[in-house]
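Structure, as structure tokens:
Numbering of residues begins at 1 and proceeds along the displayed sequence.
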Amino acid sequence: MQRDRQSSNSGQPRPAGKPPAAPSPGDNRSEFASAATRSPPPNSPVGDPNEFSNFELIKHMFQFVRPVKWLAVLACLLVGLGVFLEISAVDLTRVVINTVGTALNPSAAGAVHKPHGSVFHHGSLHVALILVGMLALFITLSSVCNFFRSIANTRLSMDMVFHMRSAVYDQLQQVGFSFHDAHSSGQLINRALSDLHNVRFFVNLSLVSIAEIVGYTIGYNILIATINPWVGLASLLPVPFWIVYILRFGKKMRPVQRDLMATGDKLVNVYSENVAGVNVVKAFATETTETGKYNATADTYFSQVMTTVGMWANFIPVIRGIATGANLLLFFLGAMLAVSGKLHAGDILVFGVAMGAILSRLQQINQIANQYQMAVVSARRFFEILYAYPSIAEAAALPQLPRGPGAVEFSGVTFGYHPDRSVLTNISFQANPGSVIALVGPTGAGKTTMMQLLARFYDPQAGAIFVDGHDIRSVSLRSVRQAMGFVFQETFLFSDTVVNNIRYGDPQASLEQVEAAARLAQAHEFIMEMPKQYDTVLGERGLTLSGGQKQRLAIARAIVANPRILILDDALAAVDPETEHLIRRALELVLRDRTVFIIAHRLSTVKAADLVLVLEQGTITQAGTHDVLLRQEGHYREIAEVQLVGGGPGVLPPLGSTARRVAAEGSR
């Protein structure tokens with residue numbers, strides 16, 4: 001669809017202290033994103049959504065109207081036109097009734113009696129027929145107006161949903177890893193669906209309904225006031241009582257709604273985690289435990305829902321009671337005035353219709369108030385996504401990373417996910433272009449974190465990282481990541497065809513390039529055994545494939561991207577030794593003229609590396625080639641002793657004199 005083609009990522013995160021780029025002409029989604037969803041720079045007037053007042057939240061929510069402002073104007077104009085036509089029809093009905101009443105009973109209006117045999121005055125009959133024709137015209141126009149109003153209101157609602165979903169999806173692509181670390185997938189899904197709907201529905205409902213309430217209340221009160229000012233004043237009596245009661249009710253309802261939505265997040269999270277981890281649940285036979293966990297959360301959610309229902313059960317009768325009292329008062333006044341001869345039959349009818357219309361519209365305040373309570377809570381949660389500042393701040397108009405051979409340098413890099421706890425400390429090394437660097441060390445030593453810093457998923461607290469002599473913070477983030485290819489330890493494949501998964505890093509890659517990459521990754525054979533070969537649609541996250549098959553597809557995907565720096569994060573851990581050998585032999589051609597980082601625990605994978613870095617507790621404790629490190633006392637030799645223990649005598653080289661003395665002392 002045309003609209004789908006217009007939805008795209010809005011580019012790089014906004015630099016600190018700089019305004020957003022101007023949207024392209026005619027691109028309403030870009031205008032919306034720049035106006036309402038771009039992340040605020042530090043110390044900006046936007047600030048933290050959790051610190052917004054309710055009035056500020058409403059202002060931010062109504063910014064969503066900006067990209068659909070002309071539809072909103074049209075919807076409100078149609079509301080106004082519909083109100084005018086309906087009130088005019090009611091007034092014409094009053095005039096017709098009064099005219100007919102006067103013709104049938106002239107003495108009631110001081111008219112002169114006509115001869116018997118003439119029920120209507122000729123002039124009165126003519127006027128009545130004209131008024132009836134006008135009444136039919138107004139009713140027809142009102143029906144046509146309501147038809148177009150319904151279409152405009154539906155289009156307004158759907159367009160707002162489209163722009164809001166596009167904005168939140170774009171924002172989720174821009175926020176850094178730290179944001180996703182702090183929010184579970186269940187929370188993000190619930191906020192992008194449930195909270196988005198609550199905000200959209202409130203904006204749409206209040207925009208149209210308030211216009212309708214104001215139109216009917218003012219229009220009918222003007223009509224009543226023209227008939228009798230005292231009755232018009234009486235019709236306004238319920239308004240202040242409603243306002244006071246709704247404000248008091250809102251203070252009690254907001255914390256209840258907040259707890260309800262937090263439990264809803266937890267419920268969605270339990271559900272999504274259970275679906276994603278179904279293999280683990282089945283493997284450990286914990287279906288009963290998971291069902292109990294879900295039921296406990298669902299019971300909490302149910303009790304909170306019932307608390308909300310109980311509060312609304314007390315709220316609605318009070319509102320309706322105020323409306324009923326005002327209605328009875330109005331009819332009492334109308335009856336007294338009719339008895340005294342100051343009102344006609346048509347006037348009494350107008351009072352009934354007018355008060356019914358006014359009170360029914362004013363009772364829509366119940367729905368608006370209910371939606372307002374949910375929207376205020378949802379908006380804070382929703383804006384936490386839309387106003388989340390990217391963890392990687394980027395200056396404006398940064399140059400692209402120039403082409404180069406792929407030299408990498410870490411200079412005094414220190415990093416921690418929390419500033420007070422360092423994961424890496426003073427990491428410094430150089431990787432020559434076209435070399436293979438292996439990262440070895442115990443779990444949690446910081447190997448994967450180093451590679452995440454290289455791809456600038458995070459920025460270090462100290463030090464700098466250079467690619468081909470350029471600090472990666474001085475060039476555009478997109479160009480840095482395009483220069484790198486990743487094969488992660490946990491392979492993620494999309495629910496798409498095999499060919500689209502392989503060409504994900506380069507959508508323009510030809511089928512021949514895809515097939516060549518698959519052959520290098522030793523994936524071509526099992527792909528050809530699939531029902532539709534390269535056009536086979538994979539199951540969710542590639543669940544229809546084995547671990548080794550998924551890993552080989554991930555390697556093929558990295559090969560197609562043709563990066564200058566290739567990062568293999570324990571990429572061969574899920575394949576058998578024979579396949580590993582075949583892949584390594586095939587990769588020898590691919591690894592030429594590019595820098596490769598290998599995170600691995602098998603010595604068979606790293607022993608051919610040009611440089612092996614041993615990390616322990618966030619620092620580099622050893623550096624050298626495989627042969628050099630085997631002759632040193634340390635973690636690398638300990639790994640070798642474990643993995644090569646069955647190789648017989650002479651597998652490991654002898655230690656130097658110092659190392660022998662240390663080993664001898666340790667054995668005493």
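- Residues passing the side-chain contact (heavy atoms from CB on, under 4.5 Å) test with Pro402 are His470, sequence neighbours excluded.
- Under the rule for a ring-ring contact (aromatic ring centres under 6.0 Å, His included), the partners of Phe410 that lie at least two apart in sequence or sit in another chain are Phe429.
- Listed by first and then second residue, the side chain to side chain donor-acceptor pair (under 3.5 Å) pairs involving residues 428-448 are Thr448-Asp569 (not counting sequence neighbours).
- With sequence neighbours excluded, the residues satisfying side-chain hydrogen bond (donor to acceptor under 3.5 Å, both in side chains) with Glu515 are Arg519.
- Asn501 pairs by the side-chain hydrogen bond (donor to acceptor under 3.5 Å, both in side chains) definition with nothing, not counting sequence neighbours.
- In terms of the side-chain contact (heavy atoms from CB on, under 4.5 Å) criterion, residue partners of Ala517 (sequence neighbours excluded) are, by chain and number, Ala556, Ile559, Val560.
- Partners of Phe597 by ring-ring contact (aromatic ring centres under 6.0 Å, His included), not counting sequence neighbours: none found.
- Evaluation of the side-chain hydrogen bond (donor to acceptor under 3.5 Å, both in side chains) rule for Gln461 yields no partner, not counting sequence neighbours.
- Residues forming a side-chain hydrogen bond (donor to acceptor under 3.5 Å, both in side chains) with Thr497 (at least two apart in sequence, or on another chain): Asn500.
- The ring-ring contact (aromatic ring centres under 6.0 Å, His included) check on Phe415 picks up Tyr417, Tyr458, with sequence neighbours excluded.
- With sequence neighbours left out, Thr625 forms a side-chain contact (heavy atoms from CB on, under 4.5 Å) with Asp627, Val628.
- Residues passing the side-chain contact (heavy atoms from CB on, under 4.5 Å) test with Thr621 are Val614, Glu616, Thr619, sequence neighbours excluded.
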